[in-house]
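The block underneath contains the structure these notes are about, expressed in structure tokens.
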Amino acid sequence: MKIFIANWKMQLSPEESVRTARRFARVFRDYKGRALLCPDFLSLAAVSKILAKSNLSLGSQDLSAFDRGAYTGEISPLDLRSLGVEYSLIGHSERRSYLQESDKLLAAKIKMALSHKIIPVLCVGENALERKQGRAMTVIKNQLKGALQSFSIADLRSLIIAYEPVWSIGTGLSCDRDKALRVKATINEWCQRGGFKKVPVLYGGSVKPDNALSFLGSDGFDGLLVGGAGLDPESFRKIADLN
Ligand code: PEP
């Protein structure tokens, strides 16, 4: 079954998130697939209550690399789990670039997610310059190695990887299907070589209802990570129905 993730980023106020989550719950009333919403931290508790009886799961956009203690401003994975968070994005390109999140930090966040039974969704992808210089595959392999090399095969049983070319996020420029699938093959190969079999690989980057299908199919990605179109329940439902 394909996996569909809506990342709401910091686009909505808590009141707007509640209203939007109610609309999502209605639109997904009869949904049978695997889809989740990632609201901002302030909205998680309220959205969690709305989604509790829905067919949608809850994800967070990030989590702390610590679970309890003197870590000012951090959000504990323990508390996320108790709010019903089942998945967490880790290393979204906006956090890597605006907040300088390092591979070492991402590895610590993955460890924390796993130890609290939260499914980590590790985001990787090259920026425009790296692509232009022909370094996309090297960059992605380095990101995988940096975040995952310290884990055992058993540790990473629940891992999901999202390939998100940075130049495509929020720009309306989606990646060419064949080029995206070449990256997916590289990620699959890297995982297999490390003994991590069957890691689902999602695509993200300007996915809309009219281009989503091109990334899916039996030989395509295992799901989609959606930003802009994931704010609108009807658009996200059209995408999530391409199961
Ligand atoms: C994202 O937020 O990860 C994303 C892919 O955004 P968009 O779909 O708007 O490009």
Side-chain angles (χ1 to χ4, degrees), residues 2-12 16-17 20-21 24 34-44 47 56-63 85 87-101 106 109-110 113 118-128 130-131 136 139-140 143-144 147 159-177 179-181 183-184 187 200-216 220-242:
K2 306 268 186 199
I3 305 159
F4 299 92
I5 305 179
N7 173 16
W8 289 359
K9 312 194 185 197
M10 202 177 68
Q11 306 282 20
L12 304 173
E16 288 167 335
S17 295
T20 308
F24 267 84
R34 189 174 174 195
L36 56 133
L37 306 182
C38 299
D40 73 319
F41 286 128
L42 279 181
S43 311
L44 270 172
V47 171
L56 290 158
S57 301
L58 189 63
S60 59
Q61 298 173 17
D62 183 38
L63 45 65
V85 167
Y87 300 78
S88 181
L89 303 183
I90 293 182
H92 188 281
S93 68
E94 287 150 15
R95 298 198 64 82
R96 288 182 191 259
S97 63
Y98 301 135
L99 298 155
Q100 285 79 46
E101 292 202 347
L106 301 183
K109 289 184 175 191
I110 292 172
I118 293 175
I119 297 173
V121 181
L122 174 67
C123 304
V124 296
E126 81 288 358
N127 65 30
E130 290 158 347
R131 170 155 287 249
V139 167
I140 291 160
Q143 289 172 337
L144 294 171
L159 175 74
I160 296 172
I161 294 173
Y163 167 52
E164 297 208 294
V166 180
W167 49 270
S168 171
I169 297 177
T171 58
L173 302 168
S174 69
C175 189
D176 172 75
R177 173 190 158 90
K179 285 188 182 143
L181 285 176
V183 176
K184 178 181 184 280
I187 296 172
V201 182
L202 317 186
Y203 171 79
S206 295
V207 171
K208 307 281 176 246
D210 57 1
N211 66 8
L213 186 60
S214 69
F215 296 102
L216 299 169
F221 283 85
D222 304 302
L224 297 167
L225 172 48
V226 187
L231 289 163
D232 175 62
E234 280 81 18
S235 298
F236 190 59
R237 176 74 204 246
K238 278 188 195 144
I239 294 170
D241 275 342
L242 301 170

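Order of listing sets the numbers, starting from 1, for every ligand and every atom in it. Computation of the quantities below employed the complete heavy-atom set of this structure, encompassing side-chain atoms and omitting hydrogens, waters and symmetry-equivalent molecules.
- With hydrogens left out, the protein atom closest to atom 1 (C) of ligand 1 is H92 NE2, 3.4 Å, a heavy atom.
- Considering both main-chain and side-chain atoms, L225 never comes within under 3.5 Å of ligand 1 through any nitrogen or oxygen pair.
- Electrostatic pairing of D62 and R95 counts as a salt bridge here, judged by a charged N lying under 4.0 Å from a carboxylate O.
- For atom 9 (O) of ligand 1, the closest non-hydrogen atom on the protein side is G228 N, 2.9 Å.
- With contacts defined as side-chain heavy-atom distances shorter than 4.5 Å, the pair L202/L224 does not qualify.
- Between Y163 and F221, the ring planes lie parallel to each other; the angle is under 30°, not in the 30° to 60° tilted range.
- A heavy-atom distance below 4.5 Å is not found between the side chains of T20 and L231.
- Annotation: G170 places an N or O atom under 3.5 Å from an N or O atom of ligand 1; distance criterion only.
- Using a 4.0 Å cut-off between charged side-chain N and carboxylate O, E126 and R131 make a salt bridge.
- Counting atoms of ligand 1 from 1 in the listed order, those under 4.0 Å from a heavy atom of S168 are 10 (O).
- S168 and S174 form no side-chain donor-acceptor contact under 3.5 Å, judged by distance and modelled atom types alone.
- Looking at N7 next to ligand 1, an N or O pair under 3.5 Å apart turns up.
- Note: W8 and F24 have tilted aromatic rings, judged against thresholds of 30 and 60 degrees for the angle between ring planes.
- Annotation: atom 5 (C) of ligand 1 to nearest protein heavy atom, E164 OE2, 3.0 Å.
- In terms of protein heavy-atom proximity, atom 2 (O) of ligand 1 is nearest to K9 CE, 2.6 Å.
- For ligand 1, one of its N or O atoms has an N or O atom of G227 under 3.5 Å away.
- Listed by number with element, the atoms of ligand 1 under 4.0 Å from a non-hydrogen atom of G205 are 5 (C), 10 (O).
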